[in-house]
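Proteins come first, then strands; the chains are lettered A, B, ... in the order of their sequence lines, and each starts at number 1.
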Number of protein chains: 2
Amino acid sequence: MVTIKDVAKATGVAPSTVSRVIADNPRISPDTKERVRKAMKELGYHPNINARNLAVSSTKAIGVIMPSSADKALQNPFFPEILRGIGSVTHSMQYSMTLSSGVTEEEIFNEVERMVYGSYVDGIILLYSKLDDRITNFLHEKNFPFVMVGKPYENATEITHVDNDNYTAGKEITDHLIQMGHQNIAFIGGSKELFVTLDREAGYEAALCDAGLDVYDEYRIHTEFLKSGGREAVERLLSLKEMPTGLVVSDDLISLGVLSMLEESGVSVPSDISLVSFNNVYLSEITRPALTTVDIQIHELGAQSAKVLIEQTVDKSVAAKRIIVPHKIIYRNSISEKGAL
Amino acid sequence: MVTIKDVAKATGVAPSTVSRVIADNPRISPDTKERVRKAMKELGYHPNINARNLAVSSTKAIGVIMPSSADKALQNPFFPEILRGIGSVTHSMQYSMTLSSGVTEEEIFNEVERMVYGSYVDGIILLYSKLDDRITNFLHEKNFPFVMVGKPYENATEITHVDNDNYTAGKEITDHLIQMGHQNIAFIGGSKELFVTLDREAGYEAALCDAGLDVYDEYRIHTEFLKSGGREAVERLLSLKEMPTGLVVSDDLISLGVLSMLEESGVSVPSDISLVSFNNVYLSEITRPALTTVDIQIHELGAQSAKVLIEQTVDKSVAAKRIIVPHKIIYRNSISEKGAL
DNA sequence: CTGTTAGCGCTTTCAT
DNA sequence: ATGAAAGCGCTAACAG
């Protein structure tokens, strides 16, 4: 391995000088810089990151933590997409990113501990928000730089987070359904433990209220992702005395399952029932019908979190922030006008 | 930060002893081990990974490189799934994993260079196989430990890789279609640059030949993922004088697009046309109809690569290997019997 | 069984 | 503008 010493020797300067050249220190003469750089190139010198990390006690690396149900969760295109968003900024700032790989909460907690105590990373991005979460609490207590994607359950003013305005998004998309003449609108959401679900549901509710429509408890269904989840939700729906004509589904992936089961049950979308959802993952344009959905700009969510986290790691004194990434409804064809009836 | 010295002082032993306790060195008396461990716990000691890495010049980290078209590619559930597979073993062996984040080939190449020269990682997993690939060549020349998922174009005997038997898989699934009475069978594949496509296509061809069926060039279509790709392929298909009754599609994600376009064109699957594909990603059971597809055990593909890579990094002398992960046809309902006609 | 010592490669005062 | 030297936290001979 070519070290700084080799370069120094080859150039006839001291190691410290070489180090300064690497840092592009202004008080090194252009001439020596030139010579040192030439030698580095010739010898094929590359800095050893561990030595550097050790000396400056910083790593230029950030850790990305997936939710503990990672096996299922990772199936949601949301995650690859947000990873890309994070990657785009870590890459441009020459940071590297380390992914959590644990499955159980316990495993992940241990990984986080190692990351923090072992100086693996300078900061952490949490890809979920959970009530009373051990990892969140740990990071918060230790005062370790981290940002959360989503809304924190506690200490929201002290925890930097980047989120959408899911309440408003839920309201707007439900409004749209109402504008199209629908009055019986049901909500199908993911886990009630997740703030996203709650926020979107609250928006749905508010839209109904504002329009003077009743909110029925049987019209609010909570379920899992994928096929099984879709089945369950659709069965519940079909068993209702009065079938809704509109459906607000809190995640495109759930919509997929719902769509599939609906078709199996002979209910056609959008002619029998209209459906809208959230996220605008790439799948939502391939489904039949293509989904009208809220684009939450997943990539941007990731990019913003990485950006603010890095800011935070370089200057630990900056105050906690909330960053809201704007959303936008994407109109496709999973809705039909109800006015005609 | 609590260091090894603090623990040493607190216990009244030498730092090296503490180090040995960490390594669980057998020649330390159980008694001192006990005391040292107690002190570590009390002081809240955690080893500094960078110092350790520097001292032993190894990192217990592996780099995972995505293909350069990562933006699109990452959308394929194949990637999250293989990441999970990799993660399951890195996690169990206490390794960490660093993801590439570049988009262009140039960017990724630079990342790889940094990983290798900067001692970021002990080994690298390449999640693609490309002809005349700069990164592959670099790694191969440098003799840096790496494994490839898929089949190398060159130096296959010198490059450890883990792959499926895509040829046989293609043959078997095509055979199945033939058994079901189909004679006009087309192939829709992804990029011809990819070995997977080529292998599966070769298997398709072999099955036709073995059955004494003709192989038409117009029956072999190459396309992109997702909607646009599906459209194009289906248009080509519909423009044929003789429409095939069977379709072998080289990737579930492509099937999704094809399915969607087929339905739009009023062609029904499986009654008008039967379709089979590859990968068995979770989507394939949500589509309508659910896909008969070859399960290539993506998770296992990832796990095996991580496993063999780690073996290779600890003992650089082990010979290059080829590991074939078995496949299995998953029967669902995108096929109908053609015999009746 | 344990302590001493010398690095690993880089950065960073402190001199000059 | 540059060099000398100490030190980041840990490991690994080498002694004993």
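Between D/dC10, C/dT2, C/dG9, one nucleotide has an atom nearer to the side chain of B/Tyr45 than all others, and that is D/dC10. Of the listed nucleotides (C/dT2, D/dT11, D/dA12), C/dT2 has the atom at the smallest distance from the side chain of B/Ile28. Picking from C/dT12, C/dG9, D/dT2 the nucleotide with the shortest atom distance to the side chain of A/Ser16 gives C/dT12. For A/Thr3, whose side chain is taken as the heavy atoms from C-beta onward, the closest listed nucleotide among D/dT2, C/dC10, D/dC8 is C/dC10. In this structure, of D/dT2, D/dG3, C/dC10, it is C/dC10 that holds the atom nearest to the side chain of A/Pro47.
At least one donor-acceptor pair closer than 3.5 Å links the side chain of A/Thr3 to the backbone N or O of A/Lys5. Remark: the backbone N or O of A/Lys151 is paired with a side-chain donor or acceptor of A/Ser129 at under 3.5 angstrom. In this structure, A/Asn155 contributes its side chain and A/Glu158 its backbone to no donor-acceptor pair below 3.5 Å. Remark: the backbone N or O of B/Ala61 is paired with a side-chain donor or acceptor of B/Thr59 at under 3.5 angstrom.
Taking atom NZ of A/Lys5 as the reference point, atom P of C/dA6 lies 14 Å away to the nearest angstrom. One atom, NE2 of A/His46, and another, P of C/dC10, lie 12 Å apart when rounded to the nearest Å. Rounded to an integer number of Å, the gap from A/Ile4 CD1 to D/dT2 P is 15 Å. In this structure, CG of A/Asn25 is placed 10 Å from P of D/dT2, rounded to the nearest angstrom. Summarising the geometry, the separation between CE on A/Met1 and P on C/dC8 is reported as 12 Å, rounded to the nearest angstrom. Straight-line distance from the CZ atom of A/Arg20 to the P atom of C/dT11: 11 Å, rounded to whole Å.
Regarding contacts with the backbone of C/dT12, every side-chain N or O of A/Ser19 stays at 4.0 angstrom or more from both OP1 and OP2. A sub-4.0 Å separation between OP1 or OP2 of C/dG9 and a side-chain N or O of B/Tyr117 is absent.
For DNA chain C, the residues of residues 48-59 of chain A within the heavy-atom distance limit of 4.0 Å (strictly under) are A/Asn48, A/Ala51, A/Arg52, A/Ala55, A/Val56, sorted by number. For DNA chain C, none of the residues of residues 31-41 of chain A falls under the heavy-atom distance limit of 4.0 Å.
Nearest heavy-atom pair, B/Gly302 versus B/Ile82, reported as atom, atom and distance to 0.1 Å: CA-CG1, 3.5 Å. Nearest approach of B/Thr11 to B/Arg35, heavy atoms of both residues: O-NH2, 2.9 Å.
As judged by a 4.0 angstrom heavy-atom cut-off over every strand, A/Val18 is placed among residues making no nucleic acid contact.
In terms of the side-chain contact (heavy atoms from CB on, under 4.5 Å) criterion, residue partners of B/Asp133 (sequence neighbours excluded) are, by chain and number, B/Glu105, B/Tyr128, B/Lys130, B/Ile135, B/Thr136.
Looking at B/Glu113 and A/His46, their side chains never bring a donor and an acceptor atom within 3.5 Å of each other.
Each of A/Arg27 and B/Pro30 lies near DNA chain C, and the nucleotide nearest B/Pro30 is the one positioned closer to the 5' end.
Taking the six-membered ring where tryptophan is involved, the planes of B/Phe138 and B/Tyr117 are perpendicular, since the angle between them exceeds 60° and thus also 30°.
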